[in-house]
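Note that this is a predicted model, so its numbers are computed, not measured.
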Protein chains: 2
Amino acid sequence: MITVELLEKYGVIKKSFDKNDIIFEEGNLPLHYYQIISGEVKMSNYNDDGREFIQGIFYNGQSFGEPPLFLNQKYPANAIAVENTEIFILPKENFIKLLEDNPKVSIKIIENLAQRLYYKSVMAAEISTHEPEHRVLKLIDHGIAYFNFQKDKNGYLINFTRQQIGDLTGLRVETVIRTIKTLEKKGELKIINRKVYR
Amino acid sequence: MITVELLEKYGVIKKSFDKNDIIFEEGNLPLHYYQIISGEVKMSNYNDDGREFIQGIFYNGQSFGEPPLFLNQKYPANAIAVENTEIFILPKENFIKLLEDNPKVSIKIIENLAQRLYYKSVMAAEISTHEPEHRVLKLIDHGIAYFNFQKDKNGYLINFTRQQIGDLTGLRVETVIRTIKTLEKKGELKIINRKVYR
DNA sequence: CTCGTTTTATGATTTTAATCATAAAATGGA
DNA sequence: TCCATTTTATGATTAAAATCATAAAACGAG
């Protein structure tokens, strides 16, 4: 996360997106740095059958889409506003200039990329070698630490739909529903009027 | 990749590992920066059944294991020498000092992490939404660009075993063998005395 | 050169999650 | 408040890759 003052110094603009608006598309060349002011953004891929895989979900203060920007490669996924969202947008050249002038920001970027790489490493191993129960629990426990799940008297509220959990873990929605029920029976989580708590 | 001169200035040491030696283990706290001089290193996880998932394979000049170093988190996977390997090892504090003193190195680190994140994004989507043929081809095509595959008169030699391809794509070795045969029949790749060419 | 290990190979069977079908409950615009 | 859409739910069936079994070929350490 880069401070507002710094971004403004380098000519950032604000842009609003409605729910379901496309921010950028897979295959496009990156031209900007994006940082969320408010709202929620998902990055995802669709395969030939229209099946979705969610690479990540981003919230207030988080940036997204930097890797291909640094590599001059095409976006490997789409970025879509999950709800009405406001975003800081900085042209690539200005962003590079900002980094050159402010070495400490580079360290922030490194930490952010490191965090995302860490998540992807964990989930990649989960998706390819573990059963549904393990995958879902791992995602939920990661979410408690890094997505914005709120704690109340029942525990952490996992505010993902069953479909989203499926799209993040590579499982079908029916499988997620059944898996969550099994996990409830085993006492690993609670279901209180259809909402999942951990 | 950080230059030898710079690493030596900050007190780097060289260490040799024999084939199959463990460089660090999942769950340990990171204390060093690692950069390969020669040889080959794999990072991988094992699930409860002993099934392996290879996170990545690294060669001459490449560094590995930085994300948890920046985050003060435990290693999410093991690092193992695939063959006899020589590695530069720099203590964490010296590495941080090196970065602070040399902002341009930060940019290199960012590009490196961005590259790895890009690979993980592509493979995550493949593993969770595509069939074996698609997964194997994507891995191979990525390997041509980023692993050290050599081109000869038959095309690029994919110098991975079927088992390694399986551990990188989340498939079983028998499935990989059958998939590669199918891909050969479809003309997507060649098999010349058991070696795979693309 | 030899022998144990690894790699590639193939066929038969099983398992597990995907798929298909259907529906009730909840949600959210108009 | 009404209706279309989304979300959760459950049962039956299927398909696809994993598993199991076995073996030949290649490799590599001594």
In a table with atom names and distances, give each donor-acceptor pair under 3.5 Å that connects a side chain of residues 172-180 of chain A to protein atoms at least two apart or in another chain.
unit_1: A:Arg178; atom_1: NE; unit_2: A:Glu174; atom_2: O; d: 3.4
unit_1: A:Thr179; atom_1: OG1; unit_2: A:Thr175; atom_2: O; d: 2.6

Under 3.5 Å, sequence neighbours excluded: what are the donor-acceptor pairs made by side chains of residues 10-23 of chain B?
unit_1: B:Tyr10; atom_1: OH; unit_2: B:Asp101; atom_2: OD2; d: 2.5
unit_1: B:Asp21; atom_1: OD2; unit_2: B:Asp18; atom_2: N; d: 2.8

Which donor-acceptor pairs under 3.5 Å do side chains of residues 50-65 of chain A form with protein atoms, sequence neighbours excluded?
unit_1: A:Arg51; atom_1: NH2; unit_2: A:Gly170; atom_2: O; d: 3.1
unit_1: A:Glu52; atom_1: OE2; unit_2: A:Lys42; atom_2: NZ; d: 2.8
unit_1: A:Glu52; atom_1: OE2; unit_2: A:Ser44; atom_2: OG; d: 2.9
unit_1: A:Glu52; atom_1: OE2; unit_2: A:Tyr46; atom_2: OH; d: 3.2
unit_1: A:Gln55; atom_1: OE1; unit_2: A:Lys120; atom_2: NZ; d: 2.7
unit_1: A:Gln55; atom_1: NE2; unit_2: A:Asn45; atom_2: OD1; d: 2.8
unit_1: A:Gln55; atom_1: NE2; unit_2: B:Ser121; atom_2: O; d: 2.7
unit_1: A:Asn60; atom_1: ND2; unit_2: A:Gly39; atom_2: O; d: 3.4
unit_1: A:Gln62; atom_1: OE1; unit_2: A:Tyr59; atom_2: N; d: 2.7
unit_1: A:Ser63; atom_1: OG; unit_2: A:Glu66; atom_2: OE2; d: 2.5

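Donor-acceptor pairing under 3.5 Å is lacking for the side chains of A:Asn102 and A:Lys9.
For B:Arg178 against D:dT19, a side-chain-to-base donor-acceptor contact under 3.5 Å is present.
Using a 4.5 Å cut-off between side-chain heavy atoms of Ile, Leu, Val, Met, Phe, Trp and Tyr, with links allowed through other members, B:Phe95 and B:Phe24 fall into different hydrophobic clusters.
If you check C:dT27, D:dA18, C:dA17 against the side chain of A:Glu131, the one that comes closest is C:dA17. For B:Pro132, taking side-chain heavy atoms from C-beta onward, the closest of the listed nucleotides D:dA17, C:dG11, C:dC20 is D:dA17.
Applying the 6.0 Å contact sphere to NZ of A:Lys92 captures more than 12 heavy atoms from other residues, nucleotides or ligands.
Axis angle between the ends of the helix from C:dC1-D:dG30 to C:dA30-D:dT1, five pairs each and rounded to 10 degrees, works out to 70°.
In terms of phosphate contacts, B:Thr175 brings a side-chain nitrogen or oxygen within less than 4.0 Å of OP1 or OP2 of D:dA18.
Summary of the strand contacts: B:Lys19 and B:Leu171 both lie near DNA chain D, and taking for each the nucleotide with the nearest heavy atom, the more 5' one is attributed to B:Leu171.
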Sort me out a list of protein N/O and nucleotides 4-9 of chain D N/O pairs below 3.5 Å, or just none if empty.
unit_1: D:dT8; atom_1: OP1; unit_2: A:Arg162; atom_2: NH1; d: 3.4
unit_1: D:dT8; atom_1: OP2; unit_2: A:Arg162; atom_2: N; d: 2.8
unit_1: D:dT8; atom_1: O4'; unit_2: A:Arg194; atom_2: NH1; d: 3.2
unit_1: D:dA9; atom_1: OP2; unit_2: A:Arg162; atom_2: NH2; d: 3.1

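A:Gly170 comes within 4.0 angstrom of sugar-phosphate atoms only, judged by non-hydrogen atoms across all strands, and of no base.
A:His142 is linked by a ring-ring contact (aromatic ring centres under 6.0 Å, His included) to A:Tyr119, A:Tyr146, A:Phe147, counting only residues two or more places apart in sequence or in another chain.
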